[in-house]
Amino acid sequence: KLGGRAEEMRLKAYIVGGFVRDLLLGRENEDLDVVIEGDAIEFIKSWEQDGCRVAIHKKFKTGTIVFPDGKKVDVATARREFYEYPVAQPSVSSDSLKHDLYRRDYTVNAMAISINCSTWGTLVDYFGGRQDLKKKLLRVLHNLSFVEDPTRVIRGIRLEQRLEFTIEENTFRLLVNCIKGGLVSLLSGVRLRSELELIFKEDAPYKIVKRCTQIGLWRSLFPGLNPGRDTIKIMRRISFFKRRLSGDLPSMAGADWLPYLSALVSESHRDGMLSVLDRLHVSDKERAIVIESIDGMGSAEHILGGRGEKPNSRIYEFLSKVHPAIALYWAAATNRWRVRRRILLYLTRLRKIEPMLIGRDILDLGYREGPMIGYILKGLRNARLDGLVETREEEIEWVLK
Ligand code: ATP
């Protein structure tokens, strides 16, 4: 569809970047990036008449088309970027696919596939990406690549670990020099944070964290940070829980990365931990989550531990007061299996339990409006958590008693 429209508008359109790489590797990838030779704005706008939602960034000549079925395509104008000085936001000039591809990070990410009808499916590979893909190599396009944009160092390590590729020898030398020369540590807090979030969205962040330690990235980015074996162990558990319990875990609404961040700082001294949080410009709420994860671990183990039976209502009462990201961190960080089991029970089941009766029903049973209603509902939930009531009738009986 996209190609046909481009053809009608006499534009050349290509799929580029990660999608092409993953297509050739036979890996799934839902993120479609399209580059247009010519002006992408007109192309994007033309989809409005087809019932698509579109968003446009005039300044960058880019935009997004959202199709009625929810599928999303990012569209950009083939462009050439000039970096005025290292670590600056790129300013867009114009022009041609080759330049557009040349400004990309690794050769395997710098290939395009034509989607115009007449040339549909033709691979455009100016820089030997295909060859590198076959050899499983990550290679930068030129020697100044990391100087232009040091986030490529972190992207490179992420890709290396995800795809199980090798960083090509010269590229690796440049990458290490970029770290040693302190260029990566010039990155802004916002960009660092978004790179960290991307690492923590991967299936196995612990591998990336380990590799970053090995090549001295953490030392250079956060001098007080000390991720060691415990960090890795906790991260492996977090990933395991996410994988195994994915459907049952609560949505963390943007806080998904915080259990990993807590793990990352868990072995550092307090000053080290606080300086990481400062450096990343986390919000007050995020900061509180990380600090509570670390500081609250002892009391969580105390309250949730112990051999005897622990009523579910007690587990609920304690854990419902903390953000689920904190509970998930505790589940992963504790070495006490009873504590872990109880937290996971809360996260996957107990937190969803509600009484069948609602406020209205309690009024119908003869109670007057006021704080008492909330109190009764809470009591009912506890009764349900502890298995004292099961049916609606039993709940009514419980209330009347
Ligand atoms: P992922 O699978 O993690 O999404 P991706 O390669 O698709 O990987 P995106 O962040 O979606 O990554 O970026 C899309 C494309 O944009 C990349 O394939 C690459 O060509 C280019 N790109 C992204 N970030 C950079 C960067 N910092 N420097 C140069 N090119 C980049």
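For ligands, and for the atoms within them, numbers begin at 1 and follow the listed sequence. Keep in mind that what you see is a predicted model, and the values were worked out from it rather than measured.
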Centroid-centroid distance, Tyr102 to Phe127, less than 6.0 Å
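Ring centroids of Tyr102 and Phe127 are less than 6.0 Å from each other.
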Ligand 1 atoms in contact with [X] (distance to a heavy atom under 4.0 Å):
| X | answer |
| --- | --- |
| Asp149 | 26 (C), 27 (N), 28 (N) |
| Arg152 | 26 (C), 27 (N), 28 (N), 29 (C) |
| Asp33 | 14 (C) |
| Thr151 | 27 (N) |

Can a cation-pi geometry be assigned to Arg351 and Tyr346, taking NZ or CZ under 6.0 Å from the six-membered ring centre and within 45° of the ring axis?
no
If I apply the N/O under 3.5 Å rule, does [X] come out as touching ligand 1?
| X | answer |
| --- | --- |
| Arg191 | no |
| Gly18 | yes |
| Arg104 | yes |
| Arg155 | yes |
| Arg162 | yes |

Under the side chain to side chain donor-acceptor pair (under 3.5 Å) criterion, do Asn143 and Asn170 qualify, and how do the steps go?
CA-CA 9 Å; Asn143 283 355; Asn170 178 49; 3.2 Å; yes
If we set the cut-off at 4.0 Å for heavy atoms, which region of Arg158 has an atom near ligand 1: side chain, backbone, both, or neither?
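For Arg158, only side-chain atoms sit under 4.0 Å from ligand 1.
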Check contact between Arg21 and ligand 1, using heavy atoms of the residue and a distance below 4.0 angstrom.
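Yes; Arg21 lies near enough to ligand 1 that a heavy-atom distance drops under 4.0 Å.
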Residues Lys401 and Glu397 bridged, charged N to O under 4.0 Å
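No, no charged N to carboxylate O under 4.0 Å.
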So with a 6.0 Å cut-off around CG of Asp203, is the heavy-atom count from everything else above 12?
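It does not: Asp203 CG has 12 such atoms or fewer within range.
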Shortest reach to atom 4 (O) of ligand 1 by a heavy atom, considering only Asp100, Asp31, Ile154
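Going through Asp100, Asp31, Ile154 one by one, Asp31 has the nearest heavy atom to atom 4 (O) of ligand 1.
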Quick test of your reading of the structure: of Asn109, Val140, Val108, Leu198, whose heavy atom lies closest to atom 20 (O) of ligand 1?
Asn109
Scan Arg139, Arg103, Arg104, Arg152 and name whichever one has a side-chain hydrogen bond (donor to acceptor under 3.5 Å, both in side chains) with Ser145.
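That would be Arg152.
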Between Glu148 and His142, is there a side-chain heavy-atom distance shorter than 4.5 Å?
yes
Using the salt bridge (charged side-chain N to carboxylate O under 4.0 Å, His left out) definition, which of the options Glu390, Glu395, Glu354 pairs with Arg384?
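Testing each of Glu390, Glu395, Glu354 against Arg384, the sole residue satisfying salt bridge (charged side-chain N to carboxylate O under 4.0 Å, His left out) is Glu395.
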To the nearest 0.5 Å, what is the distance between CD1 on Ile326 and NZ on Lys321?
13.5 Å
